[in-house]
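Working notes, structure below.
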Amino acid sequence: MALQPWRKGIITRIENETHNTKRYWIQVPELETFDFKPGQFVTLDLPIHEKPNKRSRSYSIASWPDGSNVFELVIVQMEGGTGSTYIFNEWKVNSEILFRGAQGVFVLPVPLDKDLFLICTGTGIAPFRSMLHHINDHNIAHRDIYLIFGTRTRSNLLYYDEFKNLAEKIPDFHYLPTLSREEWEGKKGYVHQIYEELIQKKQPAAFMLCGWKDMIDEARRRIVEMGYDRKSIHLELYG
Ligand SMILES: Cc1cc2nc3c(=O)[nH]c(=O)nc-3n(C[C@H](O)[C@H](O)[C@H](O)COP(=O)(O)OP(=O)(O)OC[C@H]3O[C@@H](n4cnc5c(N)ncnc54)[C@H](O)[C@@H]3O)c2cc1C
């Protein structure tokens, strides 16, 4: 497939989501509608290096297609991370950015005729937020959907109220935030224990994993060990 053109984006709004994670709204002035499939990402060209291939950083689109020319990214500042630190320091409302996309094949299975396990840590929740709003907006038929989101403490829960709200609206959608370092009324521990309990029956299921390597490698290994085919597992690896 031919590479998509670089486009100009304008930052229209910035909000803190947690102590090290921000939400950025980006408008694409040259388009009336910025169209994409829930789960896709954009690639940014950041002025952080002379070599173009060292300037790119990809970010999943956290918003859902709504017919507008604005999309949202949710970005965690990595300690010592060149790109994310540049974004946190330099991006202001009205800043101009360069991006390419939407790209990627990490999209919802069609049809949703099996249980769907969406498993993530940190900002890996971004593509799932897009998918779940899309399912809700279009009343897409589905089986049980489990969103298993792992993080350390309550203060790191991204979009918490919003997902609780979606869980009340979308039938058979189960929101399972899981904390590893804080006692609370919800699930405790790591994401792995949560899906392992839910797949004891070995029901037909599709798994979508999003986030960083350690969680993804471990989840893939455990799901295959439970007897599921590798083809039932879809990955978006952040790094
Ligand atoms: C398809 C795709 C979608 C992505 N979507 C998002 C998104 O929605 N939100 C988001 O915040 N990030 C997302 N990322 C990650 C993002 O592209 C950058 O890798 C991230 O912002 C770090 O870049 P940096 O320049 O700050 O760090 P760098 O200076 O490039 O990285 C420093 C080092 O840390 C490693 N590293 C980076 N992040 C982590 C981490 N969390 N845990 C452990 N090691 C890490 C890198 O592999 C590298 O070795 C996505 C990545 C991909 C490939």
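The residues of the chain are indexed from 1 along the displayed sequence. The basis for the numbers below is simple: all heavy atoms, side chains too, and nothing from hydrogens, waters or symmetry mates.
- For CD of Glu197, the number of neighbouring non-hydrogen atoms (other residues, nucleotides, ligands) closer than 6.0 Å is 12 at most.
- In this structure the side chain of Ile194 never reaches within 4.5 angstrom of the side chain of Tyr146, judged on heavy atoms.
- In this structure, Arg55 contributes its side chain and Glu50 its backbone to a donor-acceptor pair below 3.5 Å.
- Linking ILVMFWY residues whenever their side-chain heavy atoms come closer than 4.5 Å, directly or via other members, leaves Val42 and Val107 in distinct clusters.
- Judged by distance alone, the side chain of Arg181 and the main-chain N or O of Thr153 form no donor-acceptor pair under 3.5 Å.
- Looking at Asn69 and Thr33, their side chains never come closer than 4.5 Å, going by heavy atoms from C-beta outward.
- Judged by distance alone, the side chains of Thr43 and Gln103 do bring a donor and an acceptor atom under 3.5 Å apart.
- No side-chain donor-acceptor contact under 3.5 Å links Arg23 to the backbone of Glu17.
- Of the possible donor and acceptor atoms, one in the side chain of Lys92 sits under 3.5 Å from a partner among the backbone N and O of Asn89.
- A donor-acceptor pair under 3.5 Å is absent between the side-chain atoms of Thr21 and the main chain of Thr18, judged by distance alone.
- Inter-residue side-chain proximity for Leu112 and Arg143 is flagged as unmet; no heavy-atom pair is nearer than 4.5 Å.
- In the displayed structure, Arg152 atom CZ is contacted under 6.0 Å by at most 12 heavy atoms of other residues, nucleotides or ligands.
- The nearest pair of heavy atoms linking Leu73 to Ile61 is CD2-CA, 4.2 Å.
- In this structure, Tyr159 and Ala62 approach most closely via the heavy-atom pair OH-CB, 3.8 Å.
- Distance alone, capped at 3.5 Å, places no donor-acceptor pair between the Gln27 side chain and the Val70 backbone.
- Atom NZ of Lys187 is surrounded by 12 or fewer heavy atoms from other residues, nucleotides or ligands within 6.0 Å.
- A pairwise comparison of heavy atoms in Ser63 and Glu72 identifies OG-N, 2.9 Å as the closest pair.
- Side-chain atoms of Ser68 and Asp66 form a donor-acceptor pair, as typed in the model, at a separation below 3.5 Å.
- When each of Ile125, Thr151, Val76 is paired with Leu158, the side chain to side chain contact (heavy atoms under 4.5 Å, CB included) condition holds for Ile125 and for no other.
- Counting heavy atoms from C-beta on, the side chains of Arg57 and Thr82 come closer than 4.5 Å.
- Side-chain contact between Thr123 and Trp212: present, with at least one pair of heavy atoms (C-beta onward) separated by less than 4.5 Å.
- The main-chain N or O of Leu198 is found under 3.5 Å from a side-chain atom of Gln203 such that the two form a donor-acceptor pair.
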Would Tyr228 and Phe117 satisfy ring pair (Phe, Tyr, Trp, His ring centres under 6.0 Å), going step by step from the backbone distance to the final call? CA-CA 13 Å; Tyr228 286 94; Phe117 288 83; 7.9 Å; no

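- Between Ala219 and His192 the shortest heavy-atom distance is N-CE1, 3.6 Å.
- Put simply, CD on Gln77 and NE2 on His19 are 9.5 Å apart, with the number rounded to the nearest 0.5 Å.
- A 4.5 Å side-chain heavy-atom check between Tyr195 and Met226 finds every atom pair outside the cut-off.
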Worked check of ring pair (Phe, Tyr, Trp, His ring centres under 6.0 Å) between Phe99 and Phe34: CA-CA 12 Å; Phe99 76 96; Phe34 178 67; 5.7 Å; yes

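- With contacts defined as side-chain heavy-atom distances shorter than 4.5 Å, the pair Leu108/Leu116 qualifies.
- The closest side-chain heavy-atom distance from Lys54 to Ile48 is not below 4.5 Å.
- A donor-acceptor pair is defined here as one N or O able to donate and one able to accept, closer than 3.5 Å; such a pair exists between the side chain of His142 and the backbone of Pro171.
- Scanning both residues, Leu132 and Leu166, for their nearest heavy atoms gives CB-CD1, 4.0 Å.
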